[in-house]
There are 2 protein chains.
Amino acid sequence: MQKRAPSPRVTTRDVAERAGVSQPTVSLVLSQNPTARISPETRARIIKAAEELRYSPNLVARSLVRSRSYALGIIVPDFRNPFFADVVSSVERVAAEEGYAVLLCEAGESSPAKYLDALHARIIDGVIIDAVGASSVHADLLDRTNVVLIDQLPGRWPGVATDAESAGAQAADHLIAFGHRRIAFIGPAIDVHSFRMRERGFWNALRAAGISLPSEYLVRANATALDGRAAMRSLFALDPRPTAVFCVNDVVAIGALKACIAAGAHVPGDISIVGCDDIELAQLVTPELTTVKVPARELGGRAARLLIRTIEGKAPGKYLGRLLPVVLVARGTSGPAPGDRS
Amino acid sequence: MQKRAPSPRVTTRDVAERAGVSQPTVSLVLSQNPTARISPETRARIIKAAEELRYSPNLVARSLVRSRSYALGIIVPDFRNPFFADVVSSVERVAAEEGYAVLLCEAGESSPAKYLDALHARIIDGVIIDAVGASSVHADLLDRTNVVLIDQLPGRWPGVATDAESAGAQAADHLIAFGHRRIAFIGPAIDVHSFRMRERGFWNALRAAGISLPSEYLVRANATALDGRAAMRSLFALDPRPTAVFCVNDVVAIGALKACIAAGAHVPGDISIVGCDDIELAQLVTPELTTVKVPARELGGRAARLLIRTIEGKAPGKYLGRLLPVVLVARGTSGPAPGDRS
DNA sequence: CGTGTTTGCTAATTCGTATTGTCAAGACCT
DNA sequence: AGGTCTTGACAATACGAATTAGCAAACACG
């Protein structure tokens, strides 16, 4: 016993009847490319009838016949993370501007495969994937639809990405320039390409500076504030303690900062912290977080535009290719290494 | 020149052909209530064929004939606000468990009417609205579909809500108990019911305690951290200055806290701050934020379950009615009023 | 052996829109 | 007047699954 939709739907047939024409004529007038040959009078009559009846097209029926749904999927691991919230928000905005709806999927740390199936069943026009293990998904699942990957290895599918390796390198260089030599890293073990690249850029920059570090300075922790805090606590147990930490993202960094303050350590006097993303919150903690600014909204916006262009058969234009640049923003959580005169 | 979907879709007809039966039989086996009378052998043959062809039903076609899309809409003003992100996240989780997709709409401070039209065209099964001005939308728009409102006036449509009035009252009582008498409020002017109720509960509690306040202690600001910061700055210009501030939500409170620290004011020594929501971040700023805990995830989860039960024609069960309780969590940003001995 | 009943499947139709092909009426030309 | 062109509309059909009605075969029973 389903509850019935309260008001019956107005169809093209209703409009046709009212305007004294046939259903296809209504369809031609209300949907078609302006190529159709319809007399101005008929057109006006149909439009008037449609307005009077408050006709609104049934996009499901349209989807069926056109094999187009004007809907996009987006898969992110966790949009309670402000960075992903920004990405999703900008995707939604662009999609809405272009007349597309957005189906939201939060995959957590599991594979997006499950969601890909669900989206495919709905004849999604395309999907943006910024999720764990996207690169390990069966190619079949991705080949059935239009895909844009965010922050993944350049490969078979188009994508947009930030220069994550540079982000890690800039963080390392910043800390090195402040005289730090014992520098730790906190980041997750999961297969998120941008995280991996940040880490790689970081280690490479250290190696280039001739700094090598004990394995205890690499702490694996989930990309959440709580885990960042716990990770920082474990670093305090070490001897010698690191004088600086690069965290894989700002949420982790804020957790780490919290741990330092709770432990009575002075930031940046005793220990420097650098995050990554530059979420809004970075400027609201005290001291303000030194971080690498990553253009989240531009990332999402580009992904959406690239996907929509692909769907509509246009050239990708300027939306493909280049790594989006990132830049370190020095704020209050980084400073000279303790005992360093430079 | 559209790009064609790479791999052709497997339909019930394909499965039927492979299994040596007719299309309707396949449909009966793969979709219907188990009422259908199909011999076990035929059933097995069809299921096998479906698996071999990796059949996945076209939900668009199913939607068209059933007038059901197994998709929900959710409209929020801003999901970069962690509170709404929590709501959306919990809605998405429940929806996914029950086999529904979620269409995300970020309405900003504009009316959700525009999105309601777009959702209606997609034969959404129902919509959850937690947005500005939801109560002022034309009833027609809401009557066409199943609706659950979050944090709105109890009225014609079912809804779930938190006890926002109590939230304001608890914040006020907490500050009064600490001896504060000059207490300010920072909150937006927009028509968000929960914000209004928080404000009302707050003023009522003050009035009940015999405290009346100058109008300058009511500061209008958007519900963002940046605006919270600016609002707090304006409070510093007053003489006499308030000794405590209740902020309409945590994001604003964190902005206000930042302004205090930047101005060199001691929190809670010089000024106490109380927020509302208890987002994760509340425990990550220093000092940790005193706030009123609002069960965002439960709110979203209940809304989703209530909506799905309505759609499926079941009784609302326990998901309707009661205001979700809120409770003040005293942390580090609130303390005795300056000069108060109590 | 005929009649009634059940079982197991299929033919035909529906949902609402898009699209192709067709066809009548008028315009235009020789 | 007879023919070709153009214009403007419509009839027919497709999209993929669901659903109703109905048909044939198998079975039961007197």
Side-chain angles (χ1 to χ4, degrees), chain A residues 2 4-5 7-47 49-50 53-70 120-125 144, chain B residues 2 4-5 7-47 49-50 53 55-70 120-125:
Chain A
Q2 315 275 68
R4 294 183 60 79
S7 52
R9 188 169 268 277
V10 178
T11 72
T12 45
R13 226 176 296 272
D14 300 326
V15 176
E17 192 176 348
R18 183 173 185 107
V21 297
S22 72
Q23 176 270 325
T25 309
V26 173
S27 179
L28 287 175
V29 168
L30 296 181
S31 76
Q32 189 97 350
N33 355 11
T35 341
R37 315 165 304 189
I38 303 287
S39 74
E41 304 86 53
T42 309
R43 183 180 296 270
R45 211 150 23 99
I46 290 173
I47 289 174
L53 294 175
R54 306 185 68 243
Y55 168 76
S56 114
N58 184 330
L59 292 191
V60 171
R62 178 178 291 177
S63 297
L64 183 59
V65 59
R66 285 202 183 153
S67 299
R68 286 281 309 280
S69 64
Y70 298 91
H120 179 242
R122 290 170 197 278
I123 323 251
I124 243 33
D125 288 341
R144 320 184 279 201
Chain B
Q2 314 275 63
R4 296 182 58 82
S7 53
R9 188 169 268 278
V10 178
T11 72
T12 46
R13 226 176 297 271
D14 301 327
V15 176
E17 192 177 347
R18 183 174 185 109
V21 297
S22 72
Q23 177 269 326
T25 309
V26 173
S27 179
L28 287 174
V29 169
L30 297 182
S31 76
Q32 190 97 350
N33 355 11
T35 341
R37 311 167 308 190
I38 303 288
S39 72
E41 304 86 52
T42 309
R43 184 180 295 271
R45 209 148 28 95
I46 290 173
I47 290 174
L53 294 175
Y55 168 76
S56 114
N58 183 330
L59 291 191
V60 171
R62 176 178 293 177
S63 296
L64 183 60
V65 61
R66 285 203 183 155
S67 298
R68 287 281 310 280
S69 63
Y70 298 91
H120 180 242
R122 290 168 197 279
I123 324 247
I124 241 35
D125 288 341

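Hydrogens, waters and symmetry mates play no part in the numbers below; they use all other heavy atoms, side chains included. None of the values given here were measured: they were computed from a predicted structure. In what follows, every chain begins at residue 1, and chains take the letters A, B, ... in the order their sequences are listed.
- When the P atom of D:dA26 is taken as reference, atom CD of B:Glu41 falls 14 Å away, rounded to whole Å.
- Between its opening and closing five pairs, the helix from C:dC1-D:dG30 to C:dT30-D:dA1 changes axis direction by 60°, a value rounded to 10 degrees.
- Qualifying salt bridge (Lys or Arg N to Asp or Glu O under 4.0 Å) partners for A:Arg122, counting only residues two or more places apart in sequence or in other chains: none.
- Remark: B:Arg13 engages B:Thr11, B:Gln23 in a side-chain contact (heavy atoms from CB on, under 4.5 Å) (not counting sequence neighbours).
- In this structure, the CG atom of B:Leu64 is 16 Å from the P atom of D:dA14, given to the nearest Å.
- Annotation: proximity of residues 13-21 of chain B to DNA chain C (heavy atom, distance under 4.0 Å) is found for B:Val21, numbered in ascending order.
- Judged by distance alone, with hydrogens and angles left aside, the side-chain atoms of B:Ser63 form a donor-acceptor pair with the main-chain N or O of B:Leu59 at under 3.5 Å.
- Side chain of B:Arg45 to main chain of B:Ala19: a donor-acceptor pair is present (N/O by atom type, distance under 3.5 Å, no hydrogens or angles).
- In this structure, A:Leu28 atom CG and D:dG8 atom C1' are separated by 10 Å, rounded to whole Å.
- D:dG16 atom P lies 18 Å from atom CZ of A:Arg62, rounded to whole Å.
- Relative to the side chain of B:Asn58, the nucleotides D:dA9, D:dG16, D:dT19 differ in distance, and D:dG16 lies closest.
- Considering only residues two or more places apart in sequence or on other chains, A:Ser67 meets the side-chain contact (heavy atoms from CB on, under 4.5 Å) condition with none of them.
- A donor and an acceptor atom sit less than 3.5 Å apart, one in the side chain of B:Gln23 and one in the base of D:dA18.
- Of the possible polar contacts, one joining the A:Ser31 side chain to the A:Ser27 backbone as a donor-acceptor pair under 3.5 Å is found.
- In this structure, A:Ser69 contributes its side chain and A:Ile123 its backbone to a donor-acceptor pair below 3.5 Å.
- What separates CZ of A:Arg68 from C1' of D:dC15 is a distance of 15 Å, to the nearest Å.
- Put simply, chain A comes within 4.0 Å of DNA chain C, heavy atom to any atom, from C:dG16 to C:dT19, going 5' to 3'.
- In this structure, A:Arg45 atom CZ and D:dG8 atom C1' are separated by 12 Å, rounded to whole Å.
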